[in-house]
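Following: one structure in structure tokens, then a few remarks.
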Amino acid sequence: MELEELQSIWKHNDPGFQLKDENEIALMLKGNSQSIVDKLKRSVWFELIFTFVAGLALLIYALTLPSGALKWTSVSILLLFVAYSFYYIKKLTLLRQYNPAGENIRVSLERLTNDLTSYLRFYKRSYTVLYPIYFVLGLMFGALERGPDKFINNLSQPRTIIYLLVVALVFFFCSTWVTNWYLKKLYGNHLEKLRTLLNDIHQ
Amino acid sequence: MASGEEQRFINLINEHQGLIHKICFMYEHDSDARNDLFQEIVLQLWRSFPSFRGEAKITTWMYRIALNTAISGFRKQTRLVKTEDLQEVHMNISDSWADDREEDFQKLQWAVRQLPEIERAMIMMALEEVPYDEIAETIGITQNNVRVRMNRIREKLRKLMCP
């Protein structure tokens, strides 16, 4: 079947679309975009605002605390929030540079795949590495407040060790499982689709 | 009341909306999803409109954004899509049209929709008589690659249309 033959079949038929009128098109310009980039931008903005508000509340709370374990835990979480904010701002700047008009489909797919991969990687690291670290840190600050001797004495008891290990394992596996499930639900399937498309292009 | 720029854009969409409709038809199965995609493409075109300086042909610019949106950028809710059968297409045709030409067109449309998304984009542009160099530029591959793949696509279409 030659291309000319297919073109001729294609050309000589009316596909019967219902054409939009000017008012409908004008209304469309006021709608919200459902593109993956816009959804990512909205997510990042939400997280940035949440981090800022939570950080502010934590700062006010930390200022009212006397020097001690809770205060140092709050300060360390605040430092983490500052680092997160820088990441979110960098991410927003990168997402703003995305321009489907200036890029061909291959470049656009590569950029989207990279953006989504780094975004998902960042989240996985946050939940699976940083949160357990903060769990241990919080535990340490709490234990230190009771006094190093009492802490070491407690820690040397097999029952405490087993209890802490079980809690840490449950915490780690639950946070890993929930994070993986949530991220896959949010962007994982789309990322898979983008990778398949890129493979198709490179074939 | 639309501003001058907005009115110019609306006129442009009005003039070329067939191109967007065809892409929506090829990439979405139900009318709600097609309407959503149509709106998304119009929004993306509107955002890029200020940077369009007429260096490329207007249709090339539109294809690039519309296909980029349909293929990679649009994130819709997962819908269960019923796979259309060629036999079903035949039945629909014999119910409504007797014309052979119309039957060929329906079969071609069905066959194009069975192709992977990138190949669908390429054959759609080819059927709309977009030159190979523009197809290569829009997809991001070489012209030689377009030629080779177009042969493969034609073979696939032939098998799908005349099993």
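In the text below, chain A, chain B and the rest are named by the order of the sequence lines, each starting its count at 1.
Checking side-chain atoms of N14(B) against main-chain N and O of D21(A) turns up no donor-acceptor pair under 3.5 Å. Panel note: side chain K20(A), backbone F38(B); no donor-acceptor pair is recorded below 3.5 Å.
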>> Run M28(A) and E40(B) through side chain to side chain contact (heavy atoms under 4.5 Å, CB included) and show every step you take.
In response: CA-CA 8 Å; M28(A) 284 178 188; E40(B) 189 60 42; over 6 Å; no
> Given the rule in the salt bridge (charged side-chain N to carboxylate O under 4.0 Å, His left out) test, do R64(B) and E103(A) qualify, once you have shown the distances and angles that lead to the verdict?
Replying inline: CA-CA 8 Å; R64(B) 176 177 287 210; E103(A) 291 167 345; over 6 Å; no
>> Quick one, E128(B) with Q7(A), criterion side chain to side chain contact (heavy atoms under 4.5 Å, CB included). Give me CA distance, side-chain angles, the key distance, then yes/no.
In response: CA-CA 7 Å; E128(B) 292 287 326; Q7(A) 283 170 336; over 6 Å; no
>> Assess the residue pair Q34(A) and Q39(B) against the criterion (side chain to side chain donor-acceptor pair (under 3.5 Å)); give the C-alpha distance rounded to whole Å, side-chain angles, the decisive distance to 0.1 Å, and a yes or no.
In response: CA-CA 9 Å; Q34(A) 296 302 309; Q39(B) 172 164 7; over 6 Å; no
> Does the pair S72(B) and L194(A) meet the rule for a side chain to side chain contact (heavy atoms under 4.5 Å, CB included), with working shown?
Replying inline: CA-CA 7 Å; S72(B) 59; L194(A) 293 177; 4.0 Å; yes
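Side chains of T138(B) and N104(A): no donor on one and acceptor on the other come within 3.5 Å.
Contacts between N11(B) and chain A at a heavy-atom distance below 4.5 Å involve the side chain alone, from C-beta outward. Within the 4.5 angstrom heavy-atom criterion, no atom of F52(B) approaches chain A. With a 4.5 angstrom heavy-atom cutoff, R34(B) does not touch chain A via any of its atoms. The contact between Q18(A) and chain B is made entirely by backbone atoms, counting heavy-atom distances below 4.5 Å. Looking at I20(B), there are no atoms closer than 4.5 Å to chain A (heavy atoms on both sides), in backbone or side chain. For L127(B), the parts lying under 4.5 angstrom from a heavy atom of chain A are both the backbone and the side chain.
Here F9(B) contributes atom CZ and I25(A) contributes atom CD1; the two are 8.5 Å apart, rounded to the nearest 0.5 Å. Rounding to the nearest 0.5 angstrom, the gap separating the CD1 atom in I118(B) from the CZ atom in R106(A) is 11.0 Å. Taken from CG in L6(A) to CZ in R158(B), the straight-line distance is 11.5 Å, to the nearest 0.5 Å. Residue L109(A) holds its CG atom at 7.5 Å from CD1 of I71(B), rounded to the nearest 0.5 Å. One distance of note links CD of E5(A) with CG of L108(B); it measures 10.0 Å at 0.5 Å rounding. Atoms CG and CZ, from D200(A) and R149(B) in turn, are 7.0 Å apart once rounded to the nearest 0.5 Å.
The candidate with the highest count of non-hydrogen atom pairs below 4.5 Å against chain A, out of V42(B), I139(B), N145(B), is I139(B). With chain B as the partner, the residue from T196(A), I201(A), N32(A) showing the most heavy-atom pairs under 4.5 Å is I201(A).
For the pair W10(A) and F105(B), the tightest heavy-atom approach, listed with the atom from each and the gap, is O-CE1, 3.8 Å. Contact between A70(B) and K193(A) at its shortest, heavy atoms only, is O-NZ, 4.4 Å. Across all their heavy atoms, I10(B) and A26(A) have their closest contact at CD1-CB, 3.7 Å.
Side-chain contact between L19(A) and H21(B): present, with at least one pair of heavy atoms (C-beta onward) separated by less than 4.5 Å.
Taking the charged nitrogens against the carboxylate oxygens, D38(A) and R47(B) do have a contact shorter than 4.0 Å, which makes a salt bridge.
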